[in-house]
Participant: 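Handing you a structure now.
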Protein chains: 2
Amino acid sequence: MIESTLVSVDVLALRFDTGARAVLLGISERPQEPFAGALALPGVLLRRGERLRDAAVRAAADKLGVKVRATGQLITFDEPSRDPRGPTLSVALWAAVDPSAAGRTWVPLDDVPHLAFDHDRIVADCRPLLRDRLWRDPAFTAGLLGTEFTTAQALDLTEALTGERPYPANLGRTMERVPGLRRTTQHAASLPKGGRPPSVWRWEQPAAQA
Amino acid sequence: MIESTLVSVDVLALRFDTGARAVLLGISERPQEPFAGALALPGVLLRRGERLRDAAVRAAADKLGVKVRATGQLITFDEPSRDPRGPTLSVALWAAVDPSAAGRTWVPLDDVPHLAFDHDRIVADCRPLLRDRLWRDPAFTAGLLGTEFTTAQALDLTEALTGERPYPANLGRTMERVPGLRRTTQHAASLPKGGRPPSVWRWEQPAAQA
DNA sequence: ACAAAAGTGTTTTTTATACACCCATGG
DNA sequence: CCATGGGTGTATAAAAAACACTTTTGT
């Protein structure tokens, strides 16, 4: 079976920074050739019998030192020349990671520096897919926001992913249509500048994977 | 690199039968173990350096004896036990094939018999994705309908994929919004029972791959 | 002339977006 | 009591679906 192509899993590790109101992408410096010292998406070679999700979790742990909350498939890249070591399939997965972990290098999703391999292309091709998953894919959305979040955070996340800040009223209606999501009677403490305290939303179950 | 997983490409080969007004799925009897004699999706092991599309074309040619018009990615299946020979990733692709070729076994997409491996699951999981591609993915739509087709065929194909027959008027407006698709001034000969002859539609360019 | 099927124009329904105004908090 | 921002209700716009009626063919 020496003639088969190798498979790598490359991860778009995402973290929602509530303070900066931005979605951050986790990247890491490559420790060895090829592209030693260059920045790249965290990726690992898929082990025999390993599931894609497990490989993504492993990549995030090894290369970023973070714990993954949820993952999902994006696209598979198959240009034979994408890895100088030889033909390697790359299955791109998104991974929502815990925002508490400090981790290594995090960059705004809309301002990613040049990356090794064909990772610039991977990020570019996957960017619109991530945007489409917000509010439509509960695992994705819950992974970024956590099990409990405020309307203010939802507004910020939506603006970060779509580029437009929705009207609070309309977003509230959108969220009420998301299966598994419930508005609670709680209210968060409001921001330093004052303003009405936003209500808290919560996911009912752990929200199944996509 | 002995510890890497193998990759197979499994193809949902689709053919639009204008006579039967149905979308047919190409399946083939497995010539050897495992599942010798059982029906399965045409699939091949991905060769080193081979592109997914090329592997899909090869699978369709080898197992079905048909020529492929267009292909596209669907999902990747990664259950380690899906192939009794050992862990094998399966990348599912759709392929639109020329309807003229007689080929081997063709079954209605909505009445697929039990298949080997996890191919029942692949068909079930991919079915809604195919439905979503109609009129949205020009390569997919053009692949099924050919470069020139009538409104009547468009109605039939839509009914076959979505389960509902649209109003001719509304489908016409939908088609006018599809990039690259133009209504010609030609009219096809009408059906035996009479009725107004439908107009002919044509794709401008060969319609790029998705 | 009649039945069948496509096409044109219009109405109705649904959904998404925008807005006006009220509410709750910090300064 | 004013600034700040979330929330409720409603208006407007855009998109989708449904319908009435005309056109073009075969019998």
Side-chain angles (χ1 to χ4, degrees), chain A residues 16 18-22 128 131-136 141 145-146 148-179 181-202, chain B residues 16 18-22 128 131-137 141 145 148-179 181-202:
Chain A
F16 176 50
T18 51
R21 303 175 164 199
R131 180 187 179 286
D132 288 349
R133 271 181 171 73
L134 184 63
W135 305 120
R136 275 197 261 275
T141 313
L145 287 168
E148 209 174 288
F149 61 93
T150 68
T151 304
Q153 294 170 342
L155 286 164
D156 291 342
L157 175 61
T158 306
E159 183 175 13
L161 275 180
T162 69
E164 302 229 340
R165 168 161 275 244
Y167 292 78
N170 294 339
L171 182 59
R173 283 181 281 257
T174 300
M175 290 197 281
E176 271 158 9
R177 284 196 303 264
V178 174
L181 188 55
R182 284 281 179 285
R183 185 199 297 257
T184 70
T185 52
Q186 297 174 44
H187 291 263
S190 63
L191 293 170
K193 280 186 292 193
R196 180 171 178 173
S199 51
V200 172
W201 300 73
R202 194 172 4 234
Chain B
F16 177 50
T18 51
R21 305 176 162 194
R131 181 186 180 284
D132 288 349
R133 273 181 169 72
L134 184 63
W135 304 120
R136 275 198 260 274
D137 181 342
T141 312
L145 287 169
E148 210 174 287
F149 61 92
T150 68
T151 304
Q153 294 170 343
L155 286 164
D156 291 341
L157 175 62
T158 306
E159 183 175 12
L161 274 180
T162 69
E164 302 229 340
R165 169 161 275 245
Y167 292 78
N170 294 339
L171 181 59
R173 284 183 278 258
T174 300
M175 291 197 280
E176 270 158 11
R177 284 196 303 264
V178 174
L181 188 55
R182 283 281 179 286
R183 186 200 296 256
T184 70
T185 52
Q186 298 175 42
H187 291 263
S190 64
L191 295 170
K193 280 185 295 190
R196 180 173 177 171
S199 51
V200 172
W201 299 73
R202 196 173 1 237

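Quick note: numbers below take in every heavy atom, side chains included, and nothing from hydrogens, waters or symmetry partners. Residue numbers start from 1 in every chain, and the chains themselves are labelled A, B, ... in the order their sequence lines are given, proteins ahead of strands.
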Participant: Report the distance from atom CG of B:D156 to atom C1' of C:dA6, rounded to the nearest whole Å.
Facilitator: 13 Å

Participant: With respect to the phosphate group of D:dG7, does any side-chain polar atom (N or O) of A:T151 fall under 4.0 Å of OP1 or OP2?
Facilitator: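 Answer is yes, contact under 4.0 Å.
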
Participant: Run the side chain to side chain contact (heavy atoms under 4.5 Å, CB included) test against B:Q186 and tell me which residues pass, sequence neighbours left out.
Facilitator: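 Partners of B:Q186 by the side chain to side chain contact (heavy atoms under 4.5 Å, CB included) criterion, ordered by chain and then number, come out as B:E148, B:T184, B:V200, B:R202.
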
Participant: Within this structure, what is the CH2-to-C1' distance between B:W201 and C:dG7, rounded to whole angstrom?
Facilitator: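 For the pair B:W201 CH2 and C:dG7 C1', the rounded distance is 10 Å.
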
Participant: Can you name the nearest heavy-atom pair linking A:R183 to A:G172, along with the distance?
Facilitator: NH2-CA, 4.3 Å

Participant: Of the options D:dA16, C:dA6, D:dG6, whose atoms approach the side-chain atoms of B:R165 most closely?
Facilitator: C:dA6

Participant: In whole angstrom, give the distance that lies between atom CG of A:L171 and atom P of D:dT8.
Facilitator: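 Distance check: A:L171 CG to D:dT8 P gives 13 Å.
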
Participant: Considering non-hydrogen atoms only, spot the tightest contact between A:R136 and A:T141 and give its length.
Facilitator: N-OG1, 4.5 Å

Participant: For B:P198 and B:A152, work out which heavy atoms get closest and say how close.
Facilitator: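 Between these two residues, the closest heavy atoms are CB-N, 4.0 Å.
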
Participant: A:E159 has an atom CD; how far is it from atom P of D:dG6, in whole Å?
Facilitator: 11 Å

Participant: What contact category does B:A189 fall into here, base, sugar-phosphate, or nothing, at under 4.0 angstrom with non-hydrogen atoms?
Facilitator: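 Counting heavy atoms under 4.0 Å across all strands, no contact is made by B:A189.
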
Participant: Quick check: closest heavy atoms across A:T150 and A:W201, and the distance to 0.1 Å?
Facilitator: C-CD1, 4.2 Å

Participant: Which parts of nucleotides 18-27 of chain D does protein reach within less than 4.0 Å, heavy atoms only, written one letter per nucleotide 5' to 3' as B for base, S for sugar-phosphate only and - for none?
Facilitator: BB---BBBSS

Participant: How close do B:V178 and B:W135 get, heavy atom to heavy atom, and via which atoms?
Facilitator: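 Closest approach of B:V178 to B:W135: CG2-O, 3.6 Å.
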
Participant: Would you mind telling me which of D:dT8, D:dG6, C:dA6 lies closest to the side-chain atoms of B:L155?
Facilitator: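 The answer is C:dA6, which lies nearest to the side chain.
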
